[in-house]
Amino acid sequence: MPELPEVETTRQGIAPHCEGRRIRRLLIRNPALRWPVPADLPARMEGHTIHAVDRRGKYILIRLDAGTAIVHLGMSGSMRVVTGPAPPLKHDHVELQLDNELIIRFNDPRRFGCWLWSDTPDQHPLLNALGPEPLAAEFTGALLYRLARGRQVAVKSFIMDSRVVVGVGNIYANEALFKAGIHPNRKAGRISADRYHRLAEAIRETLSAAILMGGTTLRDFVNSDGKPGYFAQSLLVYGKRGQPCPACQRPLREVRTGQRSTVYCGHCQR
DNA sequence: AGTTTAACCTGGGTGC
DNA sequence: TGCACCCAGGTTAAAC
């Protein structure tokens with residue numbers, strides 16, 4: 001499921017309900033996520049006040065006065081705001097009960113997500129080596145060009161590397177490369193500074209547009225109200241193998257780049 | 001050191 | 001219907 005736009009959509013959905021609220025209870029129904037949910041997480045969170053719900057890359061940071069919960073949605077995770085008494089759904093593994101009767105339920109069928117705790121999240125091993133936010137000023141074509149010197153890896157894998165830039169998953173990597181006219185399998189070190197400038201711009205545009213539309217729902221992504229995102233109807237190439245290129249009408253091709261499906265136009269992308 | 005591969009899981013779709 | 005198989009939005013860690 002979630003790439004950066006979906007995580008940001010989720011964050012925006014739950015933050016207004018959480019911020020300033022005290023946690024009445026943290027209920028863990030199934031601690032077997034990507035890593036085990038720490039047994040002392042309820043004790044660390046219950047009774048404390050949520051100062052902010054932030055995002056770093058695809059991580060949601062629930063900041064309390066006493067430390068920070070680090071939450072990842074993995075490939076199939078979502079969070080719902082539940083207002084009244086309602087039985088938990090299958091795969092509702094964690095829930096945050098607030099002092100205003102609202103409940104935030106974390107649902108994750110594949111259990112690739114996580115709930116961890118850190119007193120210093122910026123220094124946490126999962127966060128301390130992350131690259132820049134794609135929508136921040138320090139993310140530029142010049143940065144991509146510099147980091148790509150000498151790299152033999154396919155440019156698609158390069159921009160999906162969270163040490164280079166965070167938040168670009170398979171869907172948006174395909175979309176941004178199409179917009180920039182760059183072949184996904186071109187070696188990262190063999191692309192000009194000018195073309196990296198276009199690519200950085202395409203990444204920013206694609207992610208911004210997707211956030212405005214509430215993310216992309218392919219199968220199961222829902223926002224905190226349980227509604228899907230609508231960016232799927234704006235996709236240019238992802239999932240469209242064999243369909244005409246939006247620019248030149250030639251059929252789009254599909255290959256695999258490091259285990260991931262890659263769709264591109266062999267004419268428009270070089 | 002850079003790059004590729006396997007692994008963590010469930011569920012939906014497809015083909016026999 | 002059933003079953004085997006393949007695929008999926010992420011990321012780490014081990015293996016080349």
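The basis for the numbers below is simple: all heavy atoms, side chains too, and nothing from hydrogens, waters or symmetry mates. A, B, ... follow the sequence lines: proteins, then strands. Residue 1 opens every chain. These numbers come from a predicted model, not from an experiment.
Here A:Y172 lies out of heavy-atom contact (under 4.0 Å) with every strand. Using a 4.0 Å heavy-atom distance criterion, A:S157 is classed as making no nucleic acid contact. If you check every strand for non-hydrogen atoms under 4.0 Å, A:R256 touches sugar and phosphate atoms only.
Taking side-chain N and O atoms only, A:S162 has no distance below 4.0 Å to OP1 or OP2 of C:dG10. Taking side-chain N and O atoms only, A:R260 has a distance below 4.0 Å to OP1 or OP2 of C:dG9.
The aromatic rings of A:H72 and A:Y59 sit perpendicular, their planes meeting at an angle over 60°, well past the 30° parallel limit. Ring geometry for A:Y196 versus A:Y145: interplanar angle over 60°, hence perpendicular rather than tilted (30 to 60°). Taking the six-membered ring where the residue is Trp, A:Y172 and A:F231 present tilted rings, their angle falling between 30° and 60°.
Distance alone, capped at 3.5 Å, places no donor-acceptor pair between the A:T257 side chain and the A:R260 backbone. Judged by distance alone, the side chain of A:R186 and the main-chain N or O of A:Q269 form no donor-acceptor pair under 3.5 Å.
The heavy-atom pair separating A:E175 from A:V237 by the smallest distance is OE2-N, 2.9 Å.
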Produce a footprint string for nucleotides 5-10 of chain B: one letter per nucleotide, 5' end first; B if the base is under 4.0 Å from any protein heavy atom, S if only the sugar-phosphate is, - if neither.
-> ---BBB
